Each structure stands twice: as C-alpha cells, then as structure tokens.
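Throughout, protein chains are lettered first and strands after them, A, B, ... in sequence-line order, and every chain is numbered starting at 1. Since this is a predicted model, take the numbers as computed values, not measurements.
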Amino acid sequence: MNRSERNRLREDLQRTVRELSDTYEELTLLYQLSEDLAGLGVDEICEKLLKEVQILFDAETVAILLLNEKERHLYTKASTGNWNPDRIIPRGNRKSIFWRPLLKKKAITLCVTSSEKEHNELAGLGSVLIAPLTGKKKEIGLILAANRRKRDEFFAGDVKLLRSLAFQAGLFMENAILSREVQSFLIGIIRSFVRALEASSEWTAGHTERVTGYAVAVGRLLGFSPAQIERLRICSLLHDIGKIATPDEILNKGERLSEEEWEKIRQHPVIGAEILSELRGFIDVVDCIRYHHERYDGKGLHGLKGDDIPLKARILAVCDAFDAMTSDRPYRRRLSAEEAIEEIEKESGRQFDPEIAEVFSGWIRSAYGIEPPQPEPDA
Amino acid sequence: MPKVMVIDDEPFILMMIEDKLKSAGLEVLTRRESRGAVEQIRQERPDLIILDWMMPEVSGLDICKELKSDPDLAGIPVFMLTAKGQEDDEKIGIRCGVDRYITKPFSPRSLLEIVLEQVGEK
C-alpha cells in the first residue's frame with residue numbers, strides 16, 4: 001500500500017467514524033427522549049420536544065402545531081423565535097405546505113427559493129423542515145423547524161432525524177391524549193353516578209361537588225402533584241357513595257335522628273369501601289373512603305389514629321365537616337362559614353388533623369374574607 | 001491547547017470521541033490498553049481523563065483509584081464512561097474520586113459540551 005492509498009483509507013475511515021458518530025448521536029437522543037417523555041402530559045411533551053429540536057437542529061424558530069379535529073385546522077401549541085404564537089393554519093389540502101406532511105405522513109424540507117405560494121406561507125422563516133406528528137391511529141399535528149443559525153438549509157439527514165423524533169413523540173402524545181380521555185371519561189361517569197345518588201335527597205344536593213372543590217384546593221396547598229390531585233378528586237367524588245344503602249327516610253328525615261338511625265348513617269364509609277372494593281387498582285381510594293370519618297385522636301369507628309389515617313381521608317374529614325356544617329339540614333339551620341371554621345379549629349387535634357385544619361381554615365378565611373380571631377389581651 | 005486523554009478498549013467509541021473532541025480544537029490522546037495507562041498519564045499530564053469503567057485487565061475504576069491516591073495526579077479530573085442501568089456504580093465511583101459520570105450510550109455532542117465546560121477555561 002503506497003502513501004496516497006494509505007491517506008485515502010485514513011480519510012474513508014474518518015468519514016465513516018463521523019457518520020457512525022452522527023447515527024450514535026441520534027440513537028442516544030431517541031433513547032433519552034423515550035425515557036424523558038414517558039408518563040408526561042401533552043403540554044410537557046411539547047415543551048420538551050420544542051427545546052430538544054431547537055438545540056439539535058440549531059434552529060431559532062421551532063413550532064408545534066396541533067390538529068383541532070372538529071374545526072380541521074392546525075393551531076400553535078408551542079413555539080419560539082420567528083413564529084406567531086397565535087397562528088392558526090386553516091383547513092387545507094395536499095398543496096398546502098403545512099398540510100402535505102400530515103396528509104402524506106412524510107417529513108419535508110424546503111429552502112428559501114421554493115415556489116411563490118409556499119414562499120408566502122413561509123414568509124420570514126427561511127428554510128424550513130416540517131415533520132408530521134402522528135400516533136398509531138391519530139393524526140396529532142406537526143413540528144416545524146426554521147431559521148437555522150449557522151447553515152442555511154436542512155439536509156436529508158435532518159429530515160430523517162426530525163421524522164424519527166416526531167414519530168416517537170407522536171406515539172407518546174397519542175398515549176397522553178388517550179389517557180386524558182379515559183381519565184375524563186372515568187371522572188364523568190363518577191360524577192353522573194354521584195348526581196343520581198344525590199337526587200334522592202334535596203338536602204345533600206351539591207354536597208359532593210363542593211367537598212371536592214375544597215379537597216382539591218387543600219391538596220394544591222399541600223403541594224400535591226397533578227396525579228395526586230386527580231386521585232384526591234376521585235376519592236372525594238366517591239366519598240359518600242355508601243349512602244346509597246342508607247334509607248331515604250333517614251336522609252330526608254325532618255327532625256333529629258335517633259341513635260339507631262345515626263348508627264345506620266355512620267356505616268356509610270364502610271359500605272362505600274365495600275361497594276368499591278372490586279376496584280383493584282384503587283386501593284388507596286377505597287381506604288380513603290373507609291376512613292374519611294375517622295377521628296385524628298383515635299376515637300373514631302375503626303380506632304385509627306393520627307398519621308395512620310390515610311392523608312386523603314384526613315383532608316376529606318375536614319372538607320366534609322365544613323360543608324355539612326354550612327349546609328341546611330331538615331332539623332337545623334346552617335352555620336356561617338366563620339362559625340364552621342371556629343368549630344373546625346376547636347376540633348383541631350381531636351377530630352381533625354391540626355395541620356390540615358390550619359391549612360383549610362387559612363384558605364377559607366382568605367376566600368371568605370374572614371379575619372382570624374384576635375387573641376384576648378392579657379388582663 | 002487543552003489535552004484530553006481517552007482510555008477505552010472499544011475502538012469505535014475511542015475514534016468517535018477523538019473525532020468529536022478534535023473538531024473543537026482539543027488535543028486528544030487515545031489508548032486502548034488499560035495496563036500501563038497510569039504511567040502514560042504521568043508522562044503526558046493531560047488536563048482531563050475520560051475512562052471506560054469496564055475494561056479487561058485493569059478496570060477504569062482501578063485506574064481512577066490509583067490516580068486519586070497519587071498526590072501528583074489526583075488533581076486531574078476524571079470522567080467515567082459506564083453502561084446504562086448501573087446507577088449504583090455511581091456511588092462507588094464518586095467515593096473513588098470520579099468527577100463526572102457519562103452513561104453509555106451517550107450523546108457525543110453533550111460529551112463535547114461537558115468536556116469544554118471542564119477544560120475550556122484553560
């Protein structure tokens with residue numbers, strides 16, 4: 001092998017290493033992306049994808065457009081750089097530069113010198129690279145990169161890379177959309193269920209929704225994650241489901257209840273837990289419902305004490321009591337928010353978890369504009 | 001010009017890192033044999049060492065331990081390449097003086113970034 005052959009071999013090797021290195025880079029990225037995107041919601045996926053594409057393609061402008069299925073238009077979900085964040089792309093056909101990638105399920109790149117019409121649609125963007133975002137079944141939208149910083153145009157390798165990124169992100173987005181749909185279907189079913197239950201007694205109408213509103217607010221103040229909040233919402237919507245077994249005459253009775261009737265009412269958390277015990281993936285919900293009338297001091301139905309009572313059940317105990325006190329009952333008039341809060345504070349550490357009682361009363365006071373009680377001056 | 005020494009028994013990884021770091025104007029020394037690495041480090045005095053953990057003969061961790069116990073060489077930062085899913089190793093490595101972890105497969109672009117972060121000021 002002479003010198004020039006050796007040199008050529010060395011150059012070939014170097015080129016191969018560089019190509020492999022790019023492929024390695026892409027593989028690493030896809031690997032990392034699938035780890036990063038797992039379990040995220042659509043908003044978070046868009047945010048991550050936007051950032052990644054901006055860095056990877058050295059593009060000043062990146063936009064993610066999602067399909068509005070009803071209107072058949074594309075709206076801007078997230079964007080940076082030279083893209084109007086309010087831009088909507090109206091319904092279009094394969095001739096439109098934005099619709100072509102989605103309808104043909106192909107990534108495309110165009111440089112500044114393309115035909116007049118495309119040039120108008122892409123004014124101010126320079127060369128663009130567009131890839132469709134699709135799931136297994138759903139058309140989701142598209143991602144666009146433009147205004148490359150150092151080089152003017154995108155190349156075949158860029159098209160391929162954005163296509164793979166978009167393909168993977170599309171699957172995760174489809175999952176996120178489906179799981180959001182399932183979640184809202186579930187919550188919808190529970191809501192209808194509860195409304196049917198409450199319809200049997202005018203006295204309890206709206207109780208569940210109000211308690212849920214309070215509980216979610218407390219959860220947020222305690223720093224719950226979105227997933228924990230959803231769980232708390234389910235617990236709260238279902239907390240009185242056991243009252244389905246309480247005779248209507250007791251629920252609607254116009255006078256004070258006898259001890260025997262009270263005993264029947266007191267059983268509703270246990271009955272509720274039994275009704276829901278088939279929900280295997282929702283053990284925490286079942287437990288929360290079973291224990292939502294436990295007393296913090298351990299003198300409740302099951303004798304559970306302090307932190308042994310599930311947190312969500314301790315939250316519900318406070319919210320449930322507040323709503324019961326501030327609602328009219330056939331045998332008594334409701335208390336004012338202020339009186340109810342004083343009652344909750346009096347029971348803090350006895351019936352209620354003191355930390356939750358404090359968070360709740362602080363929140364209600366600010367919501368209702370109630371001043372906290374002033375300590376009596378020393379005599 | 002900052003000098004980086006890379007020790008890995010996989011030729012492709014070695015060539016890839018070399019190519020990437022050289023593209024940013026760094027001086028790069030590569031080595032496939034782990035035995036004798038410490039002697040070469042002593043002679044060459046690189047500004048940074050990138051070491052593969054899993055190598056036949058002497059492991060990257062052993063090389064790192066030896067470097068960090070030598071007052072003369074202990075100041076040279078060590079980046080360790082390790083396979084994905086061995087996060088527990090990190091704790092061991094950090095105790096042995098590893099300055100930074102890079103899990104394989106890694107992005108050559110981010111590797112270059114963190115290398116420049118480490119030696120760029122020189």
Below 4.5 Å from any heavy atom of chain A, which atoms of B:Leu111 appear? Answer side chain, backbone, both or neither.
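Contact with chain A is absent: no heavy atom of B:Leu111 under 4.5 Å.
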
Quick check on B:Phe106 against chain A: is it the side chain, the backbone, both or neither that has a heavy atom closer than 4.5 Å?
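Both backbone and side chain.
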
Hey, could you give me the [atom1]/[atom2] distance between [X] and [Y], rounded to the nearest 0.5 Å?
X	Y	atom1	atom2	result
A:Thr16	B:Met16	OG1	CE	14.0 Å
A:Gln32	B:Ser110	CD	OG	8.5 Å
A:Leu13	B:Met15	CG	CE	5.0 Å
B:Arg109	A:Leu56	CZ	CG	5.0 Å

Over 12 foreign heavy atoms within 6.0 Å of [atom1], [X]:
X	atom1	result
B:Glu27	CD	yes
A:Arg10	CZ	no
B:Tyr101	OH	yes

Any chance you could lay out the side chain to side chain contact (heavy atoms under 4.5 Å, CB included) test for A:Val17 and B:Glu18, step after step, and finish with the verdict?
CA-CA 10 Å; A:Val17 166; B:Glu18 182 182 16; over 6 Å; no

Looking only at heavy atoms, what is the nearest atom pair of B:Pro105 and A:Tyr24, with distance?
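Residues B:Pro105 and A:Tyr24, closest heavy atoms: CA-OH, 3.5 Å.
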
With a 4.5 angstrom heavy-atom cut-off, is it the side chain or the backbone of A:Leu29 that approaches chain B, or both, or neither?
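Contact with chain B: side chain only.
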
